[in-house]
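Step one of this worksheet: look at the structure below.
First listed ligand is number 1; within each ligand, the first listed atom is number 1.
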Amino acid sequence: MAIQLFKAKYEVEECLAQIRECLEAGWTGLGFKTVEFEKAWRAYTGLPFAHYLNSSTIGLYMAVDILKEQYGWKDGDEIITTPITFVSSNHAILKAGMKAVFADIDDTMCLAPESVKQHITEKTRAVMYVGIGGNMGHYYEIAKICAENNLKLILDAAHMAGTRYKGEIPGREAEVVVYSFQAVKNLPTADSGMICFKNGDFDEIVRKKSWLGINKDTYARTTNTGNYKWRYDVEYVGDKGHGNSVMAAIGLVQLKYLDRDNAYRRQLAHWYQDRLSGYGNKIKLVRMEEDCESSCHLFQIMVENRDELMMALNAAEIYPGVHYANNINYGMYDYAKGTCPYADYVSEHTISLPMNLYLSYDDVQNICNEIIKFVIK
Ligand SMILES: *Cc1c(COP(=O)(O)O)cnc(C)c1O
């Protein structure tokens, strides 16, 4: 049977029961389950604020937009970011009218601290950090660089649901953390995300901005008693970005199993590591940091002839992916061409092996057999 890169595994009966509650209550919108999910997420992460959104893409944009507005950043001010990410991270910067300045990555596939330092200018306001595959990379070093240089840290934690460092969920160092609960992420819903500001005032702003700028949500309007509950003001030109109760219903169930599921992902990663290490430069493994309990959203290796390996695996009905092509090679970002040589290398050589909860030990062995056969031929 074909082996896919990703395939979300849901607790179907429990999800259906939660969704049924929404349908029977006649409330599938903002409020109700979204409130419950925000509370559960705060409890799980230990982060002080959490606002549920319909995607992490809108969350990343709102993160940059709100920080820009609140800290008085100017159009064209700079945010240092990574070229190896999903375009959402970098689009957020451009959409908010700022400049994405690309620093290079290191062998963790996350931003390299030295390169970040080299790119700091008078106009730098923040760093956009992406924990690729659930790895932390040198996150704490970057947080330190930010603190020393008065830069705000934005953490794109789309891959990091459940990642822990020395037993704790990272994120307190950041000004804002944005999670994705998109269809193939570790906590899958279908589409949704969570934005967690450090500052409670910003949390209040994002609640308005994600609801067109309206200062009273519809759920508050149904539950408030008294007159004028229908009356509201519009304080911003906001977006329709908030999450809904059906997605939150799924999220609430999947969250209960996130640690169990991530533990199995780490098991899969160990099976891959055991089998694929010892091939020197033929199979390079992405370095996993000590003390980091990764969510293992991805398991990446680097090989020569990546595209050929991809075809060989496809011929065996194994369908890996690539995370990511260097964003600098996209038309939007080609002003930075040639500035991140290691990212160029990674972009051409990395391959993400199947990482989903349906995989067995034997599946991993079969995948590894095909890879080893390819690299030693
Ligand atoms: C998936 C992803 C996003 C976007 O998430 P959505 O919830 O689909 O908007 C942003 N950044 C990274 C690194 C991602 O992998």
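- Taking any N or O of D191, backbone or side chain, none lies under 3.5 Å from an N or O belonging to ligand 1.
- The aromatic ring centroids of Y257 and Y264 lie 6.0 Å or more from each other.
- At least one N or O atom of K185, backbone or side chain, sits closer than 3.5 Å to an N or O atom of ligand 1.
- Relative to atom 6 (P) of ligand 1, the option among S180, G131, S192 with the closest non-hydrogen atom is S180.
- Considering backbone and side-chain N/O of T85, none are found under 3.5 Å from N/O of ligand 1.
- The option with the heavy atom closest to atom 9 (O) of ligand 1, from among D156, T57, I58, is T57.
- Aromatic rings from Y165 and Y139 are positioned such that their centres are separated by 6.0 Å or more.
- Of the protein's non-hydrogen atoms, S56 OG, 3.0 Å is the one closest to atom 5 (O) of ligand 1.
- For F197 and F49, the gap between ring centers reaches or exceeds 6.0 Å.
- No close placement of the Y179 and H297 rings is indicated, their centers lying 6.0 Å or farther apart.
- Residue Y324 touches ligand 1 through its side chain alone, judged by heavy-atom distances below 4.0 Å.
- Looking at D106, its side chain does come within 3.5 Å of a backbone N or O of T108 through a donor-acceptor pair.
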Table please: side-chain donor-acceptor pairs of residues 39-46 below 3.5 Å, with sequence neighbours left out.
from, atom 1, to, atom 2, distance (Å)
Y44, OH, D259, OD1, 2.5
T45, OG1, W41, O, 2.8
T45, OG1, L47, N, 3.1

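- The shell of residues lying under 4.0 angstrom from ligand 1, judged by heavy atoms, excludes H323.
- Aromatic ring orientation, Y333 versus H91: parallel (interplanar angle below 30°, classes split at 30° and 60°).
- Nearest-heavy-atom check against atom 8 (O) of ligand 1 across Q182, M160, M128, H91 picks out Q182.
- Of the protein's heavy atoms, A158 CB, 3.3 Å lies nearest to atom 12 (C) of ligand 1.
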